[in-house]
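Per chain, numbering begins at 1; letters A, B, ... match sequence-line order. Computed from a predicted model, the values in this text were never measured in an experiment. In what follows, every heavy atom counts, from backbone to side chain, and hydrogens, waters and symmetry copies are set aside.
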There are 2 protein chains.
Amino acid sequence: MKYEAVTIKDIAKVLNLSTSTVSRALRDSYEISAETKKLVIEYAEKINYRPNPIALSLKERRTRSLGIIVCEIANSFFSQVIDGIESVAYSRGYNVTFLQSHESFDKEKLSLEYLASRSVDGLLISVSTETQDFSHLTQLSNRGFPIVFFDRIVDEIDTHKVIVNNFKGVYTATTHLTEKGYKRIAYIANSEFLTLTKDRLNGYKKALGEADIEIDESLIKYCNHGGMINDEVEKVLDEIFASKKKPDAIFASSDKLTTGCLHYFKKHNIKVPKNVALVGFSNNENSDLFNPSLTVIKQPAMEMGEIATNYLLELIESKRPIKDFETRILDTEFIVREST
Amino acid sequence: MKYEAVTIKDIAKVLNLSTSTVSRALRDSYEISAETKKLVIEYAEKINYRPNPIALSLKERRTRSLGIIVCEIANSFFSQVIDGIESVAYSRGYNVTFLQSHESFDKEKLSLEYLASRSVDGLLISVSTETQDFSHLTQLSNRGFPIVFFDRIVDEIDTHKVIVNNFKGVYTATTHLTEKGYKRIAYIANSEFLTLTKDRLNGYKKALGEADIEIDESLIKYCNHGGMINDEVEKVLDEIFASKKKPDAIFASSDKLTTGCLHYFKKHNIKVPKNVALVGFSNNENSDLFNPSLTVIKQPAMEMGEIATNYLLELIESKRPIKDFETRILDTEFIVREST
DNA sequence: AGAATAAGCTCAAACGATTGCGCAATATGT
DNA sequence: ACATATTGCGCAATCGTTTGAGCTTATTCT
């Protein structure tokens, strides 16, 4: 079934006017008499006329919509970021199209192609854990397509970026663990391809160094699919707990990895914090309800989305090319609870 | 800065051909010689030509995109539904635009206007808790705009709908409570304007009736903003726990209400299930990690999204008006854990 | 009164792509 | 050799809207 919406032509035909007159009347042009304006506006109101945004987009060569690519929206951190993005975007007259990469490089590339082929005016992206090759992004960026990175950024591409102070966040959390007397602290990292993974690892190493704890590489494990692949977390935890010298604490580098650890502990009847302490990145709004309640590093997700969107709109709406790019670094929040 | 994408005209100019020839060459028309085709296709490839979807939308009078309106995506149930919607939509060549009503009727109405003004070919909606007036939806639906309801449906409008068996789900859960010996079971309901609230209430009443428990209206409390407004849950729980005859069990009618109860109990040091049992609707993937782990009614959210999207695409792509509408009722899953 | 100005409207092109139709040039048939 | 068929391409309209330019009238000025 075809849904036929009313157009300016329909109005013109009924009122015996040209489409130009109708258009000008609706836009309150000085060239149109008050009488005609009233006629047109009232009739348009009556039949509930709405201009076709597609036609406008074609004419104005802009869509007034933004593209967002994240790994998945069923994730407390990203859905909070999206809340922030949406609120700014809508208040500035833009709408928003989301795509999920599900941590797949191929899906990310396809989504990007689609969005950049003129269905959005700009892009907000947090790259997938698989992404090592940035050429798809570099090309677009070089041709002047507005892109802003948040959370999982790409160092090689020069544009606005919004991240948290990953180094400091992890340094604080790890120091908290060493001060509590934990000695064998495992690090369950996200994909090794993400820049934030390196930053976080550095924070971890610095804290251990200051506590005179030697770094044991066997306690550092990467989850290159961010915990999206079956048993990814289980596998690395199996390895860690199979060793003779078991860890006494675990640091988990993302929401998904943190809850992944908890599920593993529950399954294997490992008590937290009695057998092992746990601290991780998490924006889960219910992490205080967990058993035990979680000590977490929390990111200002909503704010991140807002700032990133403002950056993007600046790029889009600027009359001249912007060459001075900023990287905004937000502070994390460290919340101590029962798990440590 | 303006990002200038390459068009069919650019190709035509460079190759000294007409735009029609280029277009036909790219679509592999029999009217074009193999030689010209090769020329065009290779050049298009080289400069990375992508057809402008906006222009296509205008021409074909369809956008190949679907609109989704839910209260919020930072909600495990809805984000799972969206996962389902997205997977079907993309596999059928549609993309997806989300809007959040944040449980506000006005925002829902605005979003709807925007989407229906031709930026999407059809709509999937779960109405806001505030929505009592359906005229905005009725009008669109009557004019042939494809709409499919899921979860929070509107009885008055005749179209495809996807829901769960709310009556049965709650009946099962309440019976579970009565069989465990609970006598004073409170019902923390969602907005009284939602049809699912009535269905669920009926399940609750039936179960109590069968257990010869008299219905105490003071134990039935509505949260007309679905728990989105500050302290909404706290207020009703205060009322319930202020009475002399305190409840020994609580049924919570949504994800947000369920975690709302848990937060309240934690704050007021009410032990679950020792002081009071708790069972609720929840699709939270971590509800087994809570303290205590939650007994829940879980909805097949992903499946719901998939089915609803298939229905919508059927409406959109059908050649003739569809008059036979279906309401698909899915079964819930009841998972017993420590909280009861 | 005749010329200049202003008011109020219409024409047509444009945005990017598709497509029915027409028109040359060549190939084929008799 | 001439009529017809085929091949390969371009013209122009179309989708819905905006907008510069032009065209009638009516009004004002000298």
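Between the CG atom of A/Leu26 and the C1' atom of D/dG16 there is a distance of 13 Å, rounded to whole Å. Across the protein-nucleic acid pair, A/Arg27 atom CZ and D/dT19 atom C1' stand 10 Å apart, rounded to whole Å. For the pair B/Arg24 CZ and C/dA17 P, the interatomic distance rounds to 15 Å; values are reported in whole Å. Computed from coordinates, the A/Glu31 CD to D/dA21 P distance equals 12 Å when rounded to whole Å. One can place NZ of B/Lys9 at 9 Å from P of C/dA17, the figure rounded to the nearest angstrom. If you take CG of B/Leu39 and C1' of D/dG8, they are 14 Å apart, rounded to a whole angstrom. Here D/dA12 presents its P atom at 17 Å from NZ of B/Lys59, a figure rounded to the nearest Å. Taking atom CD on A/Glu60 and atom C1' on D/dT17, their separation rounds to 9 Å, with Å as the unit.
Checking the phosphate oxygens (OP1, OP2) of D/dC9, a side-chain nitrogen or oxygen of B/Ser33 falls inside 4.0 Å. Distances shown here put every side-chain N or O of A/Arg62 at or beyond 4.0 Å from the OP1 or OP2 atom of C/dC15. Close to D/dC9, at under 4.0 Å from its OP1 or OP2, lies a side-chain N or O of B/Thr36. For B/Tyr30 and D/dT6, the shortest distance from a side-chain N or O to OP1 or OP2 is not below 4.0 Å.
Shown here are the salt bridge (Lys or Arg N to Asp or Glu O under 4.0 Å) partners of B/Lys38, two or more places apart in sequence or in another chain: B/Glu42.
Looking only at atom types and distance, the side chain of B/Asp133 has a donor-acceptor partner in the side chain of B/Ser135 under 3.5 Å away.
The side chain of A/Leu56 lies closest to D/dT18, out of C/dC9, D/dG16, D/dT18. Listed nucleotides: D/dG16, C/dG8, D/dC9. Nearest to the side chain of A/Thr7: D/dG16. The side chain of A/Ser20 has C/dC11 as its nearest neighbour among D/dG16, C/dC11, D/dT18.
Where B/Lys37 and A/Ser23 each meet DNA chain D at their nearest nucleotide, the meeting point lying more 5' is that of B/Lys37. Where B/Val22 and A/Arg50 meet DNA chain D, the nucleotide closest to each residue was compared, and B/Val22 sits on the side nearer the 5' end.
Residue contacts for B/Ile54: at a heavy-atom cut-off of 4.0 Å it reaches no nucleic acid atom on any strand shown.
At a threshold of 4.0 Å, the pair B/Glu103-B/Arg152 counts as salt-bridged, since one of the basic side-chain nitrogens sits closer than that to a carboxylate oxygen.
Under the side chain to side chain donor-acceptor pair (under 3.5 Å) test applied with B/Tyr311, the options B/Glu306, B/His160, B/Glu326 reduce to a single match, B/Glu326.
Closest non-hydrogen pair, B/Ile157 versus B/Lys161, comes out as O-NZ, 2.8 Å.
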